[in-house]
Amino acid sequence: MAKDGASGYADLYESSLLPLDEGNEPNVYAQVIVDVPAKQTNRPFDYVVPEELRAWIGIGSRVGVPFGPRTLQGFVVGLSAKSDMAAGKLKKIEQVLDLVPPLNPELVQLADWMSRTYVCHEITALQAMIPGALKAKYEKMIAVADRPERIDSRQPSDGEGQTMLFAGSAEEDAIVAFVRQKSAVSTEAMLNRFPDSGPLLKHMLEQGTLVEVQTVKDRLQAKRILYVEPAAEAEALLEHSRSLPSNAKRQMEVLAYFSENPEPVPLSELSEKLNVGAGTVKGLAEKGWLTVREREVFRDPYEGRKFDRTSPLPLTEQQREALDPISSSLDKKEHNVFLLHGVTGSGKTEVYLQAIQQCLDQGREAIVLVPEISLTPQMVERFKGRFGDAVAVMHSRLSQGERYDEWRKIGLKRVSVVIGARSAVFAPFANLGLIIIDEEHESSYKQEESPKYHARDVAIQRASRHGAAVVLGSATPSLESFARTGMRSSDGAGNEAAPYRLLTMADRVEGRPLPAVHIVDLREELKEGNRSMFSRGLYKAIEERLHKKEQTVLLLNRRGYSTFVMCRSCGFVVQCPHCDISLTYHQVSRSMRCHYCGLSQPEPKTCPSCDSEHIRYFGTGTQRVEEELGKLFPGIRVIRMDVDTTSEKGSHERLLTRFRNKQADVLLGTQMVAKGLDFPDVTLVGVIAADTVLHLPDFRAAEKTFQLLTQVAGRAGRHKLPGEVFIQTYTPDHYSIVTASGHDYKAFLDNELEMRKMRGYPPYCELALVTFSHEQVPMLVRAGESFVARLKDSWQRSRHKTEADRSPYDASTSYFEVYGPVASPIPRIKDRYRFQCMVKYRVGVDVSGMLTETAAAFDETVRQEKLLISIDVNPQVLM
DNA sequence: TGGACCTAAGCG
DNA sequence: GCTTAGGTCCAT
């Protein structure tokens, strides 16, 4: 498929409904990927498109197809006039599940790219693109057996006249007629119509008069409500009204209403307005004066909310300089990737908004990705305020129905901007002009389940096919992205070609200063006898804010500090019996839970190991900080934000609104308080313990620490009042903490690149992680070692092929190393042991194919021995 | 020799 | 992934 600039896909989309190929023969064959995520079915199967469905089927259609003995959901990935299969062997597509194909040819192609790049089944990639509401649901239905003559049960053929038990053969005939008329009936509907037919049905199924068939259903239907409208002109209505008996007051009122308001109105609204019952309306409808019909409506999560319209703000010099290149890229409809490096509070959002505006003015569409937790009402408001109803919002806190409806608006061309988390990158637009990824360094853009895609890479892939621009925005760009701007290409990081263009915004708007940052050495505090979790500096600062009625944000980085239960006598830590990790203490239920397998057990009263009673939960949970705050500052109003307080739908928003309205002095929380929040009266930010992430066994630990500290520090002093930040730490000299306190990204970058280069980590190479799991360790060792050997061998052979056309002086060409197998950082999950090996390879080399092939050699073992092999290309988490 | 059980193949 | 055909093994 040629990519010919911007309009290419719009045309393709239109013509995808039965494009004709070769001599104008109609495309009667469809290539379908079926809903079976298995290696042997990971290819298209040919089906006949029946005449009557031909107008409804396009590339990207969801269909129900017979597959073996059952009916499955599938996606049409191709249409053709010919098929290699013998015509007699082909089956027909049974049903089309959507009026409009939910995917388009570009997305179908993207799924193919994903399955190759991220090593997953194509169906898995396709399913990731549609909302949960459309995931297949299979329903057993009863149909009349498809055969010329049915066995007449009234004449028993097999000895004993058992069928005589069912004397009501008339009922049998009635059932057959009923089912035949409806073509297929669910068991419930059947029992509704023939209440006591249970045993008879069973018999008819055994006899073969009736058969069970499977159909594909959606999990959810579009919401429909009843609308009422007049069936005649106003004059006629009044005429009818006069013909009513004088006591039919209600009916008259309704007719009078419609004579003045002829537009359709929801039945519920009408009954409320005129205080009439549904019966009254029904009566009028039966007389033929009114019409009642169902209409599809959207479940609008923001229904009734008014968003104040905003107009573009005048740009600062540096915003203008950042926008200009994006703008000219849009003008030319060229594919470019921009890395917008702007300090917190530099006004990145306004740049996004104006770029989107331009994109919309061109008649193209835009996608905005934000990390799940920063998709706050505040954020939504800014986009809805500027673009109104043209915006669809998609995030996990919507109900399945709401999400489905927001998504439908895209296909129905009701919206041209989508703002959402990771999966919104698949918004089925046909004419994309711009994709924005805010906080591009966030690890939540990487999906940890299959398909293990990175939204940033998928976005760039999509944009390149549309001639669209991509803007990656961050105050703390990931090293991978920064390296791709070519800033450090001299020492080999990233590609020489510098595929991304760097745009910098170094100052906050209106020249507001970045907050002053104090690093507090907790070791010193301890030495001087302060055993509290608040240093004296932070204590004084909080006290001061309380006094001045300003607000404080406190960050408790819970990772590594999660609440585990330990015995103070012997040091025993309660662990999961099936997974090698500590159980987490949940205060609400007073139980111990396993984060990995979901096991839940009561909190131990005495130590299981030494019987001591000195067993208690450890870790500075947010509750403990809250308690301590209460003790130190009596009367302080604290809002706590963590998994416990934000699990309920909408609670996240409620808490933030309360804080915004100054109903609290302190906002205390985990990572979720670090991102994107913007409150004018926050002048103090405290980090309780900065090094919790730093010591995790992850090569990105320093980067994550720097990002988190910079982000949270950016919450202070964003408006008129100046801000101040306290970072409490046991390692005050670590470069990630020192550079974060100086708001010095460049200094951090230089330090970190040095480390990465020395140790051979991204951006100096790329990684792939292969994890093996099995119930027995020896099997893992054997399989793992054999895998590594095969992989190395495979590389050796492929290298000889490619080296010929590469420069012999470029030593990095051959860079390919495999480490392991070694036990995973979490050595056991759900009673399965885990080993992993890590592959390091040169940036830009495609190792996916090699990994797929190598894994294929283990098919036998996978099937027979229940070995599991999981491949993660460019993993974010090395566990 | 019949039946329970297992495995590998095939699904259009 | 699920079903089924065909092969294996054992008890009758």
Side-chain angles (χ1 to χ4, degrees), chain A residues 18 21 25-54 56-97 101 108 111-112 115 119-128 130 132 134-141 143 145-146 205-206 208 211-217 219 449-451 773-775 779 830 832 852 855-871:
Chain A
L18 289 194
D21 59 20
E25 289 174 71
N27 287 317
V28 287
Y29 301 109
Q31 286 76 249
V32 176
I33 300 283
V34 294
D35 183 23
V36 181
K39 189 164 184 243
Q40 297 175 79
T41 49
N42 191 28
R43 63 191 171 88
F45 287 84
D46 280 7
Y47 285 89
V48 172
V49 183
E51 180 83 55
E52 66 274 19
L53 295 184
R54 232 163 264 175
W56 301 100
I57 288 180
I59 291 175
S61 284
R62 234 163 26 108
V63 292
V65 290
F67 193 72
R70 53 216 170 116
T71 297
L72 292 180
Q73 191 192 71
F75 288 88
V76 174
V77 296
L79 291 165
S80 59
K82 292 208 174 76
S83 169
D84 293 338
M85 292 288 288
K89 285 197 77 177
L90 292 177
K91 291 186 183 172
K92 281 198 250 176
I93 289 179
E94 271 173 13
Q95 24 172 353
V96 188
L97 304 239
V108 166
D112 178 59
S115 70
V119 193
C120 69
H121 300 121
E122 206 163 336
I123 188 69
T124 314
L126 288 163
Q127 303 271 209
I130 55 167
L134 298 184
K135 298 263 153 72
K137 186 180 136 198
Y138 299 104
E139 204 172 271
K140 288 245 165 79
M141 307 270 274
D146 183 26
L205 284 167
E206 279 165 4
V211 286
E212 269 194 335
V213 292
Q214 198 184 30
T215 54
V216 186
K217 276 268 168 69
R219 259 161 226 281
E449 308 90 61
S450 188
S773 77
H774 193 264
E775 287 183 4
M779 160 64 74
K830 292 185 193 169
R832 297 176 66 90
T852 313
F858 291 81
D859 276 358
E860 293 268 285
T861 330
V862 166
R863 240 182 310 117
Q864 293 177 347
E865 311 280 349
K866 305 234 166 72
L867 173 75
L868 281 180
I869 302 179
S870 139
I871 297 172

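In what follows, chains are A, B, ... by sequence order, proteins preceding strands, each numbered from 1. On a predicted model such as this, the values are computed, not experimentally measured, just so you know.
Within the cation-pi definition used here (under 6.0 Å to the ring centroid, within 45° of the axis), A:R43 qualifies as a partner of A:F45.
Between the side chains of A:D84 and A:Y29, no donor-acceptor pair of N or O atoms lies under 3.5 Å.
No donor-acceptor pair closer than 3.5 Å links the side chain of A:S61 to the backbone N or O of A:V63. In this structure, the side chain of A:R832 does not engage the main chain of A:E775 through any donor-acceptor pair within 3.5 Å.
Base engagement by A:F67 is indicated by at least one non-hydrogen atom pair under 4.0 Å involving a base atom. At the heavy-atom level, A:S83 lies nowhere under 4.0 Å from the strands shown. Heavy atoms of A:Q864 sit under 4.0 angstrom from primed sugar atoms or phosphate atoms, though from no base atom.
Here B:dT7 presents its C1' atom at 12 Å from NZ of A:K866, a figure rounded to the nearest Å. Put simply, CG on A:D46 is 11 Å from P on B:dG12, counting in whole angstrom units. Rounded to a whole Å, the CD atom of A:Q40 is 15 Å from the P atom of C:dT3. In this structure, A:F45 atom CZ and B:dC11 atom P are separated by 8 Å, rounded to whole Å. Note: CD (A:E860) to P (B:dT7) measures 12 Å, nearest angstrom. A:R43 places its CZ atom 7 Å from the P atom of B:dC11, with the value rounded to the nearest Å. The distance between atom CZ of A:R863 and atom C1' of C:dG1, rounded to the nearest whole Å, is 13 Å. A straight line from CD1 of A:I123 to C1' of B:dG12 spans 15 Å, rounded to a whole angstrom.
Closest to the side chain of A:P69, out of C:dG1, B:dG12, C:dT3, is C:dT3.
Within the structure, every side-chain polar atom (N or O) of A:K89 is placed at least 4.0 Å from both OP1 and OP2 of B:dG12.
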